[in-house]
Undergrad: 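Supplied in structure tokens, the structure appears directly below.
Just so it is clear, the structure is predicted and the values come from calculations on it, not from any experiment. This chain uses plain numbering: 1 for the first residue, then up along the sequence.
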Amino acid sequence: MIIVFVAYMVILIGIVVYSARRSKTNTDFVLGGKKISGFSLALSERATGESAWLLLGLTGLAYSEGMAAIWVALGCVAGILFLWIFLAEPLQALTEKSGALTVPGLFSAKFEGTQRSFGILSSLIIIFFFVLYIAAQFSGAGKIFNDTFNIDPFWGMVLGSVLVTLYTMMGGFITVVATDAFQAILMVITCVVLPIIAIGIAATYNIHIAETIAQASYTVPLNLGTMNQATGGLLILNGLSWAFGYTGQPQLLTRMMAMRNKKETRQSRWLAISWTLLAYIGAFMIGIIGYKLVQAGALGEAASSVANDSEKIMPVMVMTLLNPILAGILLSGAVSAMMSTASSQLMVVSSSMTEDFYVHVTKKKIEERRMLFLNRILTLAVGVVGFLLAITMEDTVYGLVSYAWSGIGASFGPAIILLIFWKKLSRAGVFASLITGTLSAVIWKTWLLDLTGVSERLASYLLAFAMAVLFSYLFPKKE
């Protein structure tokens, strides 16, 4: 198994070295310089969007909550479909017209004279939430390396964070997309192969998966352990609310911005949708089947580690049920999930700090070589901060991702939707979306989540959308 994982790392390093040679300018580093194929961008967007959240977070949620977790999966799939069917083409056209390199740059191009204000505010929001997101990926790396090679979680986080930070520094966006495409293939193989094998093993224990699903409850029963959790209709609504966040994630939107033309965008759409359906069905089934296998005693003593942390169900199933070679391949997929997202988020944060913050604060035209150097140094700095947070925070991967997802999605999502589909959006509306989304996500998560039972994903997005529309009417754009 170690040999397989080493081979995976050698292939990854080879891809990094080869692709890094194509990253010659700052435009290449930040958005690929239109050098990347649509299929590679589609695979990269999917690998980036799903992260350790899919293979650890969703599988763990399905293990702990059973069929009630299906609403989260459906919410995510709905968001991805909306993103590729309705937003991808307009984003590609808008980027081609404006020449923007970042998501905040799209707003600045629409409203003249807002480059500095939008840039600084947007970069501060991205830095705040994405550092938490990066910490979640590094935390996921610690779990995977611990379960796979019995490496202490601390050193697992060190290994994961160092690898991701270094290869992102080397080639920027081009390198990240190239490694993502390879990692997306590994991830979907894991999500397809493991459930199929697990179903076969479950049959030997007289576990009928179809019967289990047919008789399952789709809500969490109300008891002392779930008093503070949403149940029934509210649980369904909170799960489906994951869909909102997809419209505002810069690490996903930049893949569509980097598309070369409309034709490529349309072709890539079907690849992204197919990958999504296979990966989500597979990940969800891993959690459901894993629970039944633990009940039947099929995972042996390894099941004790899952009892303490449900997000370990996927690595434990791989280690227990599969031969070492296949286990090494599938666990490489889990490591890929973490790396692909963390690298993309490092890129978004560093490029936002340079393109949207540093340039506007200094008000100086910076030469290409210096900008490239600055982007690489900031990538390193963000990686270090993300690692420090990962070793000090105790929240789950699911919890950290949910929080960061809510804040970023609610801040940028309503503004992006209205920018594309509503001509009356004003600069005041954009500011209202960014500020309301950020503040409401933090306030709701901290003080109102347990009180209301409504997730911060749903509440903060709806509040930000309403404020964007309201302020656009109160302070309309000047013709």
Side-chain angles (χ1 to χ4, degrees), residues 26-27 30-31 87 90-91 93-131 245 247-254 256-258 345 347-366 371 374-375 378 382 404 407-442 460-461 463-479:
N26 188 58
T27 302
V30 175
L31 202 61
L87 287 188
L91 275 171
L94 199 58
T95 305
E96 196 170 299
K97 183 180 177 182
S98 64
L101 294 178
T102 62
V103 170
L106 294 173
F107 301 129
S108 300
K110 175 73 173 179
F111 304 104
E112 291 183 13
T114 59
Q115 287 90 340
R116 189 165 185 264
S117 52
F118 278 158
I120 293 172
L121 178 59
S122 299
S123 60
L124 290 174
I125 294 169
I126 286 171
I127 292 164
F128 175 71
F129 286 112
F130 267 32
V131 168
T247 61
Q249 303 296 323
Q251 75 276 23
L252 309 184
L253 302 179
T254 48
M256 289 145 196
M257 291 170 63
Q345 289 159 347
M347 272 304 310
V348 169
V349 176
S350 63
S351 60
S352 183
M353 290 171 76
T354 52
E355 301 293 329
D356 302 320
F357 189 86
Y358 183 75
V359 169
H360 298 310
V361 168
T362 58
K363 296 183 180 179
K364 294 178 182 177
K365 189 173 182 180
I366 304 168
M371 279 290 283
L374 186 61
N375 262 310
L378 286 172
V382 174
I408 290 288
S411 301
F412 291 96
I416 286 289
I417 292 286
L418 293 170
L419 179 70
I420 292 174
F421 298 112
W422 194 46
K423 293 180 180 180
K424 292 184 178 180
L425 177 69
S426 69
R427 68 185 67 193
V430 176
F431 276 119
S433 174
L434 296 177
I435 295 169
T436 306
T438 302
L439 293 179
S440 59
V442 174
S460 56
Y461 195 96
L463 284 169
F465 199 99
M467 289 298 105
V469 172
L470 177 63
F471 274 75
S472 292
Y473 277 121
L474 292 176
F475 306 97
K477 65 179 181 180
K478 298 173 182 177
E479 296 299 335

Undergrad: Quick one: do Phe465 and Ile417 satisfy side-chain contact (heavy atoms from CB on, under 4.5 Å)? Show the steps, please.
TA: CA-CA 9 Å; Phe465 199 99; Ile417 292 286; 4.1 Å; yes
Undergrad: Look only at the side chain of Gln115 and the backbone of Gly113, and say whether a donor-acceptor pair between them is shorter than 3.5 Å.
TA: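 Answer holds: yes.
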Undergrad: Indicate the ring-plane relationship of Phe431 and Phe118, choosing parallel, tilted or perpendicular according to the 30° and 60° boundaries.
TA: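 Judged by the thresholds at 30° and 60°, the geometry between Phe431 and Phe118 is tilted.
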Undergrad: Any side-chain donor-acceptor pair under 3.5 Å between Asp356 and Thr102?
TA: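 Result is yes, a qualifying pair exists.
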Undergrad: Tyr461 and Thr247: side-chain donor and acceptor closer than 3.5 Å?
TA: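 There is such a pair between these side chains.
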Undergrad: What do you reckon, are the aromatic ring centroids of Trp422 and Tyr473 less than 6.0 Å apart?
TA: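 Yes, the ring centres sit under 6.0 Å apart.
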Undergrad: Within the side chain of Ser433, is there an N or O that forms a donor-acceptor pair under 3.5 Å with the backbone of Gly429?
TA: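 Answer holds: no.
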Undergrad: Between Thr354 (side chain) and Ser351 (backbone), is there a donor-acceptor pair under 3.5 Å?
TA: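 A pair under 3.5 Å: yes.
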Undergrad: Run the numbers on Thr438 and Leu124 for side-chain contact (heavy atoms from CB on, under 4.5 Å), then give the verdict.
TA: CA-CA 10 Å; Thr438 302; Leu124 290 174; over 6 Å; no
Undergrad: When you measure from the side chain of Arg427 to the backbone of Glu112, do you find a donor-acceptor pair of N or O atoms at a distance under 3.5 Å?
TA: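 Yes, the answer is positive, given that a donor and an acceptor are paired below the 3.5 Å cut-off.
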Undergrad: Is the number of heavy atoms from other residues, nucleotides or ligands under 6.0 Å of Phe421 CZ greater than 12?
TA: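 More than 12 within 6.0 Å, yes.
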Undergrad: On a heavy-atom basis, which atom in Gly437 and which in Ser411 lie closest, and how many Å separate them?
TA: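 Closest pair (atom of Gly437, atom of Ser411, distance): C-OG, 3.6 Å.
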Undergrad: Shortest non-hydrogen contact from Val430 to Ala415?
TA: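 Nearest heavy atoms, Val430 then Ala415: CG1-CB, 4.4 Å.
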Undergrad: Verify side-chain contact (heavy atoms from CB on, under 4.5 Å) between Ile435 and Ile125, making sure each step is shown before the conclusion.
TA: CA-CA 9 Å; Ile435 295 169; Ile125 294 169; over 6 Å; no
Undergrad: Please find the pair of heavy atoms, one from Lys477 and one from Ser426, that lie closest to each other, and give the distance.
TA: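 Smallest interatomic distance, heavy atoms only, reads N-CB, 3.5 Å.
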